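Before we start, here is the structure in question, set down as structure tokens.
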Amino acid sequence: MNKQKTLKGSFSLFGKGLHTGLNLTVTFNPAPENTGYKIQRIDLEGQPVIDAVAEHVTDTQRGTVLCQKDVRVSTVEHGLAALYAMGIDNCLIQVNGPEFPILDGSAIIYVERIKQVGIVEQNAPKDYYIIRHKIEVKDDNGSCITILPDEEFSITAMCSFESKFINSQFATLDNVSNFEEEVAPARTFVFVRDIEPLLKANLIKGGDMENAIVIYEKQISQEQLDKLADLLKVPHMDATKMGYIQPKPLQWENECTRHKLLDIIGDMALIGKPIKGRIIATRPGHTVNNQFARLMRREIRKHEIQAPIYDPNEAPLMDNNRIRELLPHRYPMQLVDKVIELGANYIVGVKNVTSNEPFFQGHFPQEPVMPGVLMVEAMAQCGGLLVLNTVEEPDRWSTYFMKIDGVKFRQKIVPGDTLLFRVELLHPVQHGISSMRGYMFVGDHVVAEATFTAQIVKNK
């Protein structure tokens, strides 16, 4: 089982803000399990720490701006992309101003410092959200973000810039482990035609030729270009020479679209959980990225507990015969047919409900429904197999209920249903006592859940 991760120590980065031009310091700190990403403005006393989630995005004009109770922090996407891609789940970020420093316009410096300070594994399991079906967001400008089921996280972007220097481009990241080499160094970019409106909007005060790809593709007068150069405090250039005008050449022909991948990953970090799925983005931007991240958070809330993946073609870890060796139950009270997953603190079992179940004869026979007490019993039997897996000679032990709490029945069980059980230990077994949380699924839906305490007793 993959575990959550945080930084082994703290590190700080210094530089100017892209939009404010202020000299800023951002510090990344380790954080406890299940913290997620949190951002603290240390220049503002007594203000709340911002939860870095999609609902707290208030502006996407030229970057991602987070705001919670009037505390704002902008240009967070590059730092968050580095954390997400490097597998860090928990981090407290402290900044002494209203935005992160732009650095070189990419995420590579964040990645290098993360590697330098190190990453440490924590005890809590990493809580992936696994994509089971297509989810999509479109807007009126032709932008679209789609996510499809996949075994890992991957992303493809297709961009059309309507420019003779960068027209249509394609970029993909098939494995997030390649982020450092294939995406992190990609710099942000700007067209010269957009610079003056951005300056008039009181933005990019810290922009220069060192932290962005600058594309000059629509000729303006020498006087206009000189004026822009003076505003940006860069040398004058020849207004007749078109193309890429930053001193550092492109690292890839599609560097601009690779930077779009970086921005998408940073905005997906605001979903709050690592994702297993393939994103396909057409004409992406921070606005549609955030719409998609918000939709994903709603989807996660609807399926807070995800059903295990069940492939009936795979051989079980425990079949019916092995279960009989461990549990004293026999027909009609053996309610687990097989076990398909078994970890240190969890188990996944299967029960195929048929019309021949004896309880259907007397429990609503005109409309057969599985009794709720047997649903709890089935989860408990699965939990018993988990607990017995922790002792030597498990066939010499039995488990008995001591307490049942928090029982919820969400949907009736009828003949033909295939039940999946996932039971997790809430605490290590101590003095023969175990506490467990059980969930029962039909398809993707939770149909029942319960918390139970059991005692394991050696058979005489």
Side-chain angles (χ1 to χ4, degrees), residues 1-3 33 121-125 305 307-310 314-354 356-359 363 370-409 413 418-441 446-460:
M1 179 184 294
N2 290 333
K3 300 292 186 68
E33 298 168 356
E121 191 175 83
Q122 299 175 290
N123 290 323
I305 305 299
I309 295 174
Y310 172 43
E314 291 188 1
L317 297 181
M318 294 185 195
D319 62 10
N320 197 276
N321 293 324
R322 176 56 180 159
I323 291 171
R324 283 200 199 98
E325 292 174 359
L326 297 176
L327 294 179
H329 307 83
R330 296 295 181 267
Y331 177 85
M333 287 303 297
Q334 183 182 330
L335 299 174
V336 181
D337 292 334
K338 58 184 175 180
V339 171
I340 58 173
E341 281 188 59
L342 183 60
N345 65 343
Y346 78 100
I347 190 169
V348 177
V350 180
K351 161 72 175 170
N352 294 300
V353 180
T354 75
N356 296 320
E357 307 287 351
F359 47 76
H363 197 260
M370 184 175 184
V373 291
L374 293 184
M375 294 163 68
V376 176
E377 171 67 21
M379 287 187 281
Q381 287 184 19
C382 203
L385 292 168
L386 171 61
V387 173
L388 291 172
N389 192 57
T390 67
V391 300
E392 294 182 4
E393 299 182 291
D395 52 328
R396 298 184 61 189
W397 295 78
S398 295
T399 57
Y400 298 94
F401 274 133
M402 294 180 69
K403 185 171 66 169
I404 304 172
D405 290 310
V407 179
K408 294 180 182 178
F409 302 111
I413 305 303
T418 296
L419 308 180
L420 291 177
F421 315 108
R422 181 183 172 93
V423 182
E424 304 170 353
L425 284 176
L426 298 177
H427 309 287
V429 178
Q430 291 184 332
H431 308 297
I433 306 297
S434 64
S435 294
M436 294 172 278
R437 183 70 182 166
Y439 297 93
M440 179 186 290
F441 303 86
V446 177
V447 296
E449 58 185 279
T451 299
F452 36 87
T453 302
Q455 182 180 26
I456 56 172
V457 178
K458 202 165 191 177
N459 300 327
K460 295 180 180 180

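These numbers come from a predicted model, not from an experiment. In this chain, numbering begins with 1 at the start of the sequence shown.
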Taking every heavy atom of Leu386 against every heavy atom of Tyr346, the minimum-distance pair comes out as CD1-O, 3.6 Å
Interatomic distance, CZ@Arg324 vs CZ@Arg330, rounded to 0.5 Å, equals 6.5 Å
Rounded to the nearest 0.5 angstrom, the CG-OG distance for Leu388 and Ser434 is 9.0 Å
Between the NZ atom in Lys338 and the CG atom in Asp319, the distance rounded to the nearest 0.5 Å is 9.5 Å
When rounded to the nearest 0.5 Å, the distance separating CZ of Phe401 from OG1 of Thr453 is 10.0 Å
- Query: Is any side-chain heavy atom of Phe421 less than 4.5 Å from a side-chain heavy atom of Val339?
  - Reply: no
d(Leu335 CG, Phe359 CZ) to nearest 0.5 Å is 7.0 Å
(message) Do Ile305 and Glu449 have side chains that approach each other closer than 4.5 Å (heavy atoms only, starting at C-beta)?
(response) no
Side chains of Val350 and Leu420, heavy atoms from C-beta outward: is any pair under 4.5 Å? yes
Paired with Val336, the side-chain contact (heavy atoms from CB on, under 4.5 Å) test is passed by just one of Gln381, Lys351, His329, Glu377, namely Gln381
Residue pair Leu327 / Gln334, side-chain heavy-atom distance below 4.5 Å: no
In short, Pro332 meets Pro358 closest at the heavy-atom pair CB-CG, 3.3 Å
Close side-chain approach of Leu374 to His363, heavy-atom, < 4.5 Å: no
Please check this pair: side chain of Glu33 against backbone of Asn123, looking for a donor-acceptor N/O pair closer than 3.5 Å. yes
CG (Leu425) and CE (Met436) are apart, to the nearest 0.5 Å, by 6.5 Å
Heavy-atom closest pair (Arg437 atom, Ala450 atom, distance to 0.1 Å) is NH1-C, 3.1 Å
Looking only at heavy atoms, the pair that brings Glu341 and Ile309 closest together is OE2-O, 4.4 Å
If you define the side chain from C-beta out and look only at heavy atoms, does anything of Phe452 sit under 4.5 Å from Val423? yes
- Task: Establish, from distance only, whether the side-chain atoms of Ser398 and Asn459 form a donor-acceptor pair under 3.5 Å.
- Result: yes
With a 4.5 Å cut-off on side-chain heavy atoms, are Val348 and Leu317 touching? no
